[in-house]
Peer 1: 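Mind looking over this structure? Questions follow.
Throughout, protein chains are lettered first and strands after them, A, B, ... in sequence-line order, and every chain is numbered starting at 1.
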Protein chains: 2
Amino acid sequence: MVTIVDVAKHAGVAPSTVSYVLTGKRPVSAETRMRVGESIRQLGYQPHSGARALAGSRTNVLALVLPLREGVHLPVVMRFASSVVTTAREHDMDVLLVTADEGAAGLRRVAGTARADGFLVMDVGLDDERVPVLRDLGRPAVLLGHPTVANGLTCVDLDFEAAGARCVDHLVELGHRAIGFLGAPGAVYARNTGFAQRTLAGFSAAAMRRGVASTALPAERHRDAVRAVVGTLLRELTRMTALVVHNEAALGWVVECLRAEGRRVPEDVAVVAICPDELAEQLRLTSVQLPADVLGRRAVELLVAKLNGQRPPALTLLPPKLFSRTGHAAPRLVVARPPQQAG
Amino acid sequence: MVTIVDVAKHAGVAPSTVSYVLTGKRPVSAETRMRVGESIRQLGYQPHSGARALAGSRTNVLALVLPLREGVHLPVVMRFASSVVTTAREHDMDVLLVTADEGAAGLRRVAGTARADGFLVMDVGLDDERVPVLRDLGRPAVLLGHPTVANGLTCVDLDFEAAGARCVDHLVELGHRAIGFLGAPGAVYARNTGFAQRTLAGFSAAAMRRGVASTALPAERHRDAVRAVVGTLLRELTRMTALVVHNEAALGWVVECLRAEGRRVPEDVAVVAICPDELAEQLRLTSVQLPADVLGRRAVELLVAKLNGQRPPALTLLPPKLFSRTGHAAPRLVVARPPQQAG
DNA sequence: AACCACGTTCGAAGCGCTTCGATTCAATTC
DNA sequence: GAATTGAATCGAAGCGCTTCGAACGTGGTT
């Protein structure tokens, strides 16, 4: 193994000088820098990360805590993870993969054994046991997907207000003049959860701004409730040709109930969902999706900023992406082109 | 931060004794062990992983190299990753996530900077640049998904021969007496790829053993070729009521062509695919799936064994899982039960 | 009673790096 | 020409752990 001492000898300098060349923490003359650089290249020197962590008390590793069990939308998680790793590498960091199964104890372990400098935690619940632990740990952390307002912690999330507005804008541009909104169960709005209200607020404001008729109703997730709400919407907003749904669990029933009422989807009633991409894909509905790639990138950038002593905003909201699926037919395979035929 | 010296003082022993209690590398009297353990608990001591890596030249980290870009089946990758992390933790190891994008240079970096003790590499190509590097690196490695026969390297893969046989057995048990096989393009069999032939061999042997009629044909991936092959199969194996397909790209066309020929799927012709689960799910076909969870677990166990100086078999084949999807209707949402109503 | 052997425990030397005060030397100033 | 500065470099002291040889008691042996 090539050590910093080997490099120093080879370049005819002290080990500390090599270190300063590497970290840039003290000025080094251009000539020395060149010479050391050349020695590093020739010897193929790579600093030992353990020694670095020990002496410098920085690991250059960030822990990514993911919900890997079933029940979450794996492709979204994966895309997010991919983006995190790529961005982390751009900052010369590595990524330690931790499952949510380990819970708060896992965070304590990773921080306590100095395996990572900071945390990226996905899928944090409203009353998550990890939040207080994260604060105690005193290590930089970025939370994802839920804007758990927590002092000292940094959160990244989709801008639900913009998402609500985006749906309206999209539908108005398609010519719709009366748009319904089927939201989460009433209780969700009562609780000050935030994201449900913000979506609704964005929807309502946009409808107002664009001068289209709109009616918004909450809905429980079971079938009968959905049927009732859909019926009410069709009655109250008689010229309704579009419906924005912000209720994952009800989404399937919504489509079914509309069809049961004799409305074709999307010909008679265009449905736009705010939900995980997978679900919309399955039902072939236009949807506002979570921009997992941007989310991952931004999360890492925020964490790196915190590691560098900066104090980024407590909450970052990402612009929603609307993905139109109208006109999609039955599932069709993506088939690669046939290989070139000889002759 | 609590160090080993703090623990030693608290327990009234030398630091080395604490180390031996922790690692078990030398005998420690039961009484001392108790006392040290108690001190560790009381002080909440957690060893510094960097210091450990430096002194002991073992990181207790394994690098997981995943293909995270599009084009691979994310859910499979994710399930595999999940299984890897869980199993690694059981062996007191952590997992460093590396993307395949980093290529061979990434492996060199991780090994060179002593970030990990060994590698788990998924989706290794037939002529992968990483294979020679992996061998040079001299670190334990386990390759997944492709049985790249490489001396010194350990591979885990699905047992394709058993997969072919499993399809036949399943169909015979359902009462089918004439089974077709639509395989990969001819060129794949010509190349000594291995897995294609093995699947076919397993299929043929099982058909023979079970005494059912069978015909196997290769197929190019484009539509016309598939139509021709399906036509030939129906003509040559006139009483064919089942078809095993080992050709991801053609799978969609196979179903379409069968229907175009007036055969209902699966009522008239049962189709069993050997392909990623996602695809079969989309087409609602019974399939042999890659047991990602077992794969992950086994891979870690093999790697840990190698880290401990053992020499596990160069190739481990996993039994295929057949997942029956006959009788599945249109996509249906899994809806949570409605919340309890008051009154 | 002196001896050996063995199970335990101790002490010290590193592992490879960062960091901080000290040192050097050339350029500037009076 | 001596004193002052400041940039560039050096040297040494750790960071917290593992590991190895040595030291320490015991109990059993001669």
Peer 1: At how many degrees, to 10°, do the end axes of the helix from C:dA1-D:dT30 to C:dC30-D:dG1 meet when each uses five pairs?
Peer 2: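 About 60° separates the two local helix axes.
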Peer 1: Taking the side chain of A:Met1 as its heavy atoms from C-beta onward, which of C:dG16, C:dT19, D:dT19 lies nearest to it?
Peer 2: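 Of C:dG16, C:dT19, D:dT19, C:dG16 is nearest to the side chain of A:Met1.
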Peer 1: Do side-chain atoms of B:Thr23 reach the backbone of B:Ser19 as a donor and acceptor pair under 3.5 angstrom?
Peer 2: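 Yes, B:Thr23 side chain to B:Ser19 backbone: donor-acceptor pair under 3.5 Å.
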Peer 1: Counting heavy atoms from C-beta on, name the nucleotide in C:dC17, C:dT8, C:dT18 closest to the side chain of B:Pro27.
Peer 2: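 Within the option list, the nearest is C:dT8.
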Peer 1: Given D:dT18, C:dT9, C:dG16, identify the nucleotide with an atom nearest to the side chain of B:Ser29.
Peer 2: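 Nearest to the side-chain atoms of B:Ser29, counting from C-beta on, is C:dT9.
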Peer 1: Distance-only, no hydrogens or angles: does the A:Asn60 side chain make a donor-acceptor pair with backbone N or O of A:Asp92 under 3.5 Å?
Peer 2: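 Confirmed, A:Asn60 side chain pairs with A:Asp92 backbone.
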Peer 1: If you take all heavy atoms of A:Arg139 and A:Ala114, which pair is closest and at what distance?
Peer 2: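 Scanning both residues completely, I find the closest heavy atoms to be NH2-CA, 4.4 Å.
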Peer 1: Which nucleotide sits closest to the side chain of A:Thr17: C:dT18, D:dT18, D:dT9?
Peer 2: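 Nearest to the side chain of A:Thr17 among the choices is D:dT9.
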Peer 1: Taking the minimum atom-to-atom distance to the side chain of B:Val28, which one of C:dT9, D:dC20, C:dT18 wins?
Peer 2: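 Nucleotide nearest to B:Val28's side chain: C:dT9.
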Peer 1: In whole Å, I'd like the distance from the CZ atom of B:Arg58 to the C1' atom of D:dT19.
Peer 2: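 In whole Å, D:dT19 C1' and B:Arg58 CZ are 16 Å from each other.
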Peer 1: Among C:dG16, C:dC10, C:dT19, which nucleotide has an atom closest to any side-chain atom of B:Arg26?
Peer 2: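 So the side chain of B:Arg26 is nearest to C:dC10.
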Peer 1: Give, ordered by number, those residues of residues 38-49 of chain A having at least one heavy-atom distance below 4.0 Å to an atom of DNA chain D; if nothing qualifies, reply none.
Peer 2: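 Going residue by residue through residues 38-49 of chain A, none turns out to have a heavy atom under 4.0 Å of DNA chain D.
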Peer 1: Round to a whole Å and report the spacing from CD1 of A:Ile4 to P of D:dC10.
Peer 2: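 After rounding, the gap between these two atoms is 12 Å.
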Peer 1: Take B:Val121 and B:Val142 through the side-chain contact (heavy atoms from CB on, under 4.5 Å) test and state the conclusion after the steps.
Peer 2: CA-CA 6 Å; B:Val121 189; B:Val142 173; over 6 Å; no
Peer 1: Heavy atoms only, 4.0 Å cut-off, all strands: where does A:Ser57 land among base, sugar-phosphate and nothing?
Peer 2: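 It contacts nothing in the nucleic acid.
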Peer 1: Report yes or no: is there a donor-acceptor pair, N or O only, under 3.5 Å between the side chain of A:Arg52 and the base of D:dG16?
Peer 2: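 Absent.
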Peer 1: For DNA chain C, what residues of residues 107-119 of chain B have any heavy atom nearer than 4.0 Å?
Peer 2: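 Listed by number, there are none.
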Peer 1: Nearest to the side chain of B:Tyr20, which nucleotide is it out of D:dT19, C:dG16, C:dG21?
Peer 2: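 Among D:dT19, C:dG16, C:dG21, the one nearest the side chain of B:Tyr20 is D:dT19.
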Peer 1: Is it the case that the side chain of B:Thr113 and the backbone of A:Ser49 share a donor-acceptor pair, with hydrogens and angles ignored and the cut-off at 3.5 Å?
Peer 2: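 Side chain of B:Thr113 to backbone of A:Ser49: no pair is present.
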Peer 1: Between B:Lys25 and D:dT19, is there a side-chain N or O to OP1/OP2 distance below 4.0 Å?
Peer 2: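 Looking at the OP1 and OP2 atoms of D:dT19, one of them is under 4.0 Å from a side-chain N or O of B:Lys25.
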Peer 1: Given salt bridge (Lys or Arg N to Asp or Glu O under 4.0 Å), test B:Glu38 with B:Arg35 step by step and report yes or no.
Peer 2: CA-CA 5 Å; B:Glu38 187 52 34; B:Arg35 201 146 36 85; over 6 Å; no
Peer 1: Has B:Arg298 got more than 12 heavy atoms of other residues, nucleotides or ligands less than 6.0 Å from its CZ?
Peer 2: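 Result for CZ/B:Arg298: open.
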Peer 1: Taking only the side-chain heavy atoms of B:Leu54 (C-beta and beyond), determine which of D:dT19, C:dC15, D:dT9 contains the nearest atom.
Peer 2: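 Side chain of B:Leu54 sits closest to C:dC15.
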Peer 1: Can B:Arg108 and B:Glu102 be counted as an ion pair, charged N to O under 4.0 angstrom?
Peer 2: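 No.
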Peer 1: Taking NZ in B:Lys321 as the centre, count heavy atoms belonging to other residues, nucleotides or ligands within less than 6.0 Å. Is the count above 12?
Peer 2: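 Atom NZ in B:Lys321 is packed in, count exceeds 12.
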Peer 1: Is B:Arg89 salt-bridged to A:Asp101, cutoff N-O under 4.0 Å?
Peer 2: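 No.
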Peer 1: When you measure from the side chain of B:Ala55, which nucleotide among C:dC10, C:dT19, C:dC15 comes out closest?
Peer 2: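 Between C:dC10, C:dT19, C:dC15, the one nearest the side chain of B:Ala55 would be C:dC15.
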Peer 1: By the 4.0 Å heavy-atom rule, please label B:Ser16 as base, sugar-phosphate, or nothing.
Peer 2: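 Here B:Ser16 touches the bases of the nucleic acid.
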Peer 1: Tell me whether the side-chain N/O atoms of A:Ser19 come closer than 4.0 Å to OP1 or OP2 in C:dT18.
Peer 2: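 Looking at the OP1 and OP2 atoms of C:dT18, one of them is under 4.0 Å from a side-chain N or O of A:Ser19.
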Peer 1: Checking side-chain contact (heavy atoms from CB on, under 4.5 Å) against A:Asp94, which of A:Leu62, A:Val85, A:Val61 comes through?
Peer 2: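 Testing A:Asp94 for a side-chain contact (heavy atoms from CB on, under 4.5 Å) against A:Leu62, A:Val85, A:Val61 leaves exactly one candidate, A:Val61.
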